[in-house]
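Each remark here refers to the structure printed beneath this line.
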Amino acid sequence: MAKCAMGKMRRKGLAIMAAQTVATSVDLGPATGLSCRECGTRFELGPIFACVECFGPLEVAYELPTGDPEALRAAIEAGPNNIWRYAPLLPVPADVASKPSLNPGFTKLVDAANLAKELGVTGKLYVKDDSGNPTHSFKDRVVAIAVEAARAFGFTTLSCSSTGNLAGAVGAAAARAGFRSCVFIPHDLEQGKVVMAGVYGGDLVGIEGNYDDVNRFCSELIGDPLGEGWGFVNVNLRPYYGEGSKTLAYEICEQLGWQLPDQIVIPIASGSQLTKIDKGLQELIKLGLVEDKPYKIFGAQAEGCSPVSTAFKAGHDVVRPQKPNTIAKSLAIGNPADGPYVLDIARRTGGFVEDVNDEQVVEAIKILAQTEGIFAETAGGVTVGVTKKLIENGQLDPALTTVVLNTGDGLKTLEAVAADSGQTATIRPSLDAFRAAGLA
């Protein structure tokens, strides 16, 4: 049998098997089912991630609130200072805020005037700094939503394939919520991310290979009896997990006074964050919470793993996989699942998808740190670096309101800047030594 046909049969088998392991009635708030992004086929809520008809990806369908937008705005603003303020727009039960959770979200939107001056931006420039989340990356958002789905479906173990940040977020969330965790990572991740993922007491398993190898292994485990009772947040719980990224869109608009930004620059790993931010913006427009106006979405990749930017700049609709080779390991997904949808959104909104090399990533990390006091991990360096490049190339309008995402903390990727970010000088404890060093 052809390899392609075998793959399709296996995915169909996984979807059917998953659908048979969950009760037909679950409480996930306004979520009413799952819908195939390709053919529109509807499914009941369950731990399934691929359409049995066309093998397209599934996403959550909703019955969102209707009525007075002002009343909904007021209800949101009266909610907790975390993502649960948006519970009426998420696949979570109404009482989610009362359950054990890391309660991520509502991170700072930094008015980055110093960075704007450095980059030549004349309009407003903001950094959405998600390093302030409990495990210091945006992954806490998506995992929090996946935990609620895992509870609803009766799973006992939380798992994931991860480039680092997700492993830590799953380990921490599982510890808080009372789940066992077992997470899988490439064997050669940055040491800071390995330690952070392991400290929460769950099982941390290194896989020889890159992220795509890890992801394939997890897909096999789901189809094996060994994986029974396991919720893989970014595989069989992926439709719910992805919805957590919408909260970035909600927060940005609320923090801008319930307005859409003109431009937003988003890092691309699997591409899910970018597609879900766009989904969140469209929902806010539909609900009347923000005024409808044009906005542009820009994607950012590292040159050493840039399958989406390569396809975009070549005018292709197909994203060809690449073997990653970059210091931005949190973005090192050579076969991004949402890559084609990223292309569609960038083109639809008039945006662009660009990449920068490792040297530019390091430079951008330092620029952000030295202008705004924000120490970004390498993914943030990619986003700031791409923003700089887009401005220089005339693809991003410096006069418009722009939001740049920093998705993680630089303490996790110290190796990237350690070589030339050490002590300025080492001196004896005397004023004469200080003067001699030329620092006075």
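Residue numbers count from 1 along this sequence. Below, each value reflects all heavy atoms present in this structure, side chains not excepted, and no hydrogens, waters or symmetry copies.
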To the nearest 0.5 Å, atom CD1 of I264 lies from atom CD1 of I297 at 6.5 Å

Here the gap from D278 atom CG to L281 atom CG, rounded to the nearest 0.5 Å, amounts to 6.0 Å

Could you tell me if the side chain of [Y] sits less than 4.5 Å from the side chain of [X], heavy atoms only?
X    : Y    : answer
N210 : P186 : no
N165 : M196 : no
F106 : T247 : no
I48  : L58  : yes
E303 : D358 : no

Would the distance check show the side chain of [X] and the main-chain N or O of [Y] forming a donor-acceptor pair, the cut-off being under 3.5 Å?
X    : Y    : result
T163 : S330 : yes
D409 : K412 : no
T310 : P307 : no
Q301 : A269 : no
E38  : F55  : no
N133 : K139 : no
K128 : T107 : yes
H136 : G408 : no
S101 : A97  : no
E372 : L115 : yes

Of all heavy-atom pairs linking N406 and E377, the shortest is OD1-N, 4.1 Å

Nearest heavy-atom contact between Y211 and I333 is CD2-CG1, 3.5 Å

Can you confirm whether more than 12 heavy atoms, excluding those of [X], are under 6.0 Å from its [atom1] atom?
X    : atom1 : answer
E228 : CD    : no
K279 : NZ    : yes
R348 : CZ    : yes
K99  : NZ    : yes
K323 : NZ    : no

The side-chain hydrogen bond (donor to acceptor under 3.5 Å, both in side chains) partner of E251 among R85, K246, R141 is R141

Looking at the rings of Y240 and F153, which for Trp means the six-membered one, are their centres under 6.0 Å apart? yes

Those residues at least two apart in sequence (or on a different chain) that pass ring-ring contact (aromatic ring centres under 6.0 Å, His included) with Y126 are none

Practice prompt. Check the pair D262 / K296 against salt bridge (Lys or Arg N to Asp or Glu O under 4.0 Å), numbers first and verdict last.
Written response: CA-CA 6 Å; D262 297 315; K296 294 183 179 182; over 6 Å; no

* Evaluate the criterion salt bridge (Lys or Arg N to Asp or Glu O under 4.0 Å) for residue pair E118 and K388; output intermediate values, then yes/no. => CA-CA 9 Å; E118 176 70 22; K388 181 175 184 290; over 6 Å; no

side-chain hydrogen bond (donor to acceptor under 3.5 Å, both in side chains) pairs touching residues 173-191, sequence neighbours excluded, are R180-D203

